[in-house]
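Whatever order the structure lists ligands and atoms in, that order sets their numbers, starting from 1.
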Amino acid sequence: MEQTFIMIKPDGVQRGLVGEIISRFEKKGFTLKGLKFITVDRPFAEKHYADLSAKPFFNGLVEYIISGPVVAMVWEGKNVVTTGRKIIGATNPAESAPGTIRGDYAIDIGRNVIHGSDAVESGRKEIALWFPEGIAEWRSSLHPWIYE
Ligand code: UDP
Ligand code: MG
């Protein structure tokens with residue numbers, strides 16, 4: 001089953017959006033496979049966002065991610081990468097549709113509350129980076145009520 005890495009960024013934690021965000025993924029039917037509350041250091045944040053290291057916003061982005069604790073999660077389900085990105089909404093909250101997390105809870109692109117992997121392969125890499133100890137093996141008893 002497909003997995004994705006989802007992170008509630010420091011602004012989402014500070015603003016008390018943790019429960020609301022987790023709830024949206026849970027209610028959709030996705031399965032929580034890993035979760036940790038963690039403050040990361042600069043080298044770690046730079047590694048997570050390595051693909052963006054040439055971008056002009058890179059330093060500000062790293063400062064933002066290390067500015068406080070984040071909630072790092074692994075969610076599992078059919079098409080969870082693509083659907084997770086839809087639940088999150090467009091990168092720039094000015095363009096995220098209402099009903100999405102960023103559309104409902106964010107205004108500025110540099111304070112957009114949440115991260116989600118953009119592909120299955122980047123998800124795999126991000127999960128390995130954030131959860132080197134591995135993740136829980138379990139299957140929800142709701143499975144047959146969610147999947148036909
Ligand atoms: N970002 C920013 N300014 C920009 C573009 C991106 O501050 O002009 C930040 C924003 O927090 C975004 C993150 O960098 O979520 C990673 O950018 P990416 O293009 O990967 O967007 P995402 O995958 O998070 O939607
Ligand atoms: Mg991205």
Side-chain angles (χ1 to χ4, degrees), residues 1-137 140 146-147:
M1 191 68 92
E2 191 170 298
Q3 295 180 338
T4 192
F5 174 70
I6 300 290
M7 170 188 39
I8 305 173
K9 294 175 175 177
D11 50 336
V13 172
Q14 290 285 352
R15 293 179 53 204
L17 297 173
V18 171
E20 174 63 31
I21 289 171
I22 289 177
S23 190
R24 289 186 180 209
F25 282 83
E26 270 186 330
K27 286 174 183 163
K28 174 69 177 170
F30 291 134
T31 307
L32 183 62
K33 299 297 293 269
L35 183 148
K36 61 171 82 162
F37 188 65
I38 179 179
T39 306
V40 297
D41 61 15
R42 187 177 303 274
F44 188 95
E46 287 175 350
K47 202 166 176 189
H48 171 75
Y49 280 122
D51 291 352
L52 301 175
S53 61
K55 300 281 186 192
F57 57 84
F58 182 70
N59 283 333
L61 173 59
V62 169
E63 285 293 340
Y64 162 44
I65 294 305
I66 68 176
S67 66
V70 301
V71 177
M73 295 177 280
V74 178
W75 285 91
E76 185 176 273
K78 191 185 207 173
N79 293 323
V80 69
V81 170
T82 301
T83 305
R85 297 274 295 188
K86 286 184 187 157
I87 290 170
I88 288 170
T91 303
N92 186 347
E95 284 147 26
S96 329
T100 66
I101 292 168
R102 287 167 173 166
D104 287 350
Y105 300 123
I107 292 175
D108 273 350
I109 192 165
R111 296 289 184 275
N112 62 0
V113 171
I114 183 167
H115 165 86
S117 308
D118 61 9
V120 173
E121 189 45 41
S122 48
R124 230 190 302 276
K125 272 202 243 169
E126 291 171 359
I127 291 166
L129 176 67
W130 287 81
F131 292 87
E133 68 278 19
I135 55 165
E137 260 322 313
S140 167
I146 292 167
Y147 296 99

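- Residues Lys28 and Ile87 are in side-chain contact: their nearest non-hydrogen atoms beyond the backbone lie under 4.5 Å apart.
- Between Ser122 and Asp118, the side chains place a donor N or O and an acceptor N or O closer than 3.5 Å (distance only, hydrogens not considered).
- Per-residue contacts place Leu52 under 4.0 angstrom from the following atoms of ligand 1 (heavy atoms of the residue considered): 16 (C), 17 (O), 20 (O).
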Worksheet item: Would Glu121 and Lys125 count as a salt bridge (Lys or Arg N to Asp or Glu O under 4.0 Å) if you check the C-alpha gap in whole Å, the side-chain angles of each, and the deciding distance to 0.1 Å?
Response: CA-CA 6 Å; Glu121 189 45 41; Lys125 272 202 243 169; 5.9 Å; no
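- Taking a cut-off of under 4.0 Å to the non-hydrogen atoms of Gly110, the atoms of ligand 1 that pass are 7 (O).
- The CD atom of Gln3 lies 4.5 Å from the CD1 atom of Ile127; values are rounded to the nearest 0.5 Å.
- Nearest non-hydrogen protein atom to atom 12 (C) of ligand 1 is Asn112 ND2, 3.6 Å.
- Remark: ligand 1 and Lys9 share an N or O pair separated by less than 3.5 Å (distance only, no angle test).
- Residue Arg85 places at least one N or O, backbone or side chain, under 3.5 Å from an N or O of ligand 1.
- Among His48, Lys55, Arg102, the residue whose heavy atom lies closest to atom 24 (O) of ligand 1 is Arg102.
- The shortest side-chain heavy-atom distance between Val80 and Met1 does not fall under the 4.5 Å cut-off.
- Note that Lys36 lies in the cation-pi zone of Phe131, set by a 6.0 Å cut-off to the ring centre and a 45° limit from the axis.
- Considering backbone and side-chain N/O of Thr91, one or more are found under 3.5 Å from N/O of ligand 1.
- Atom 2 (C) of ligand 1 has as its closest protein heavy atom Phe57 CD1, 3.6 Å.
- Between Trp75 and Phe30, a ring centre-to-centre spacing not shorter than 6.0 Å is recorded.
- Distances between N or O atoms of Ile109 and those of ligand 1 include at least one value under 3.5 Å.
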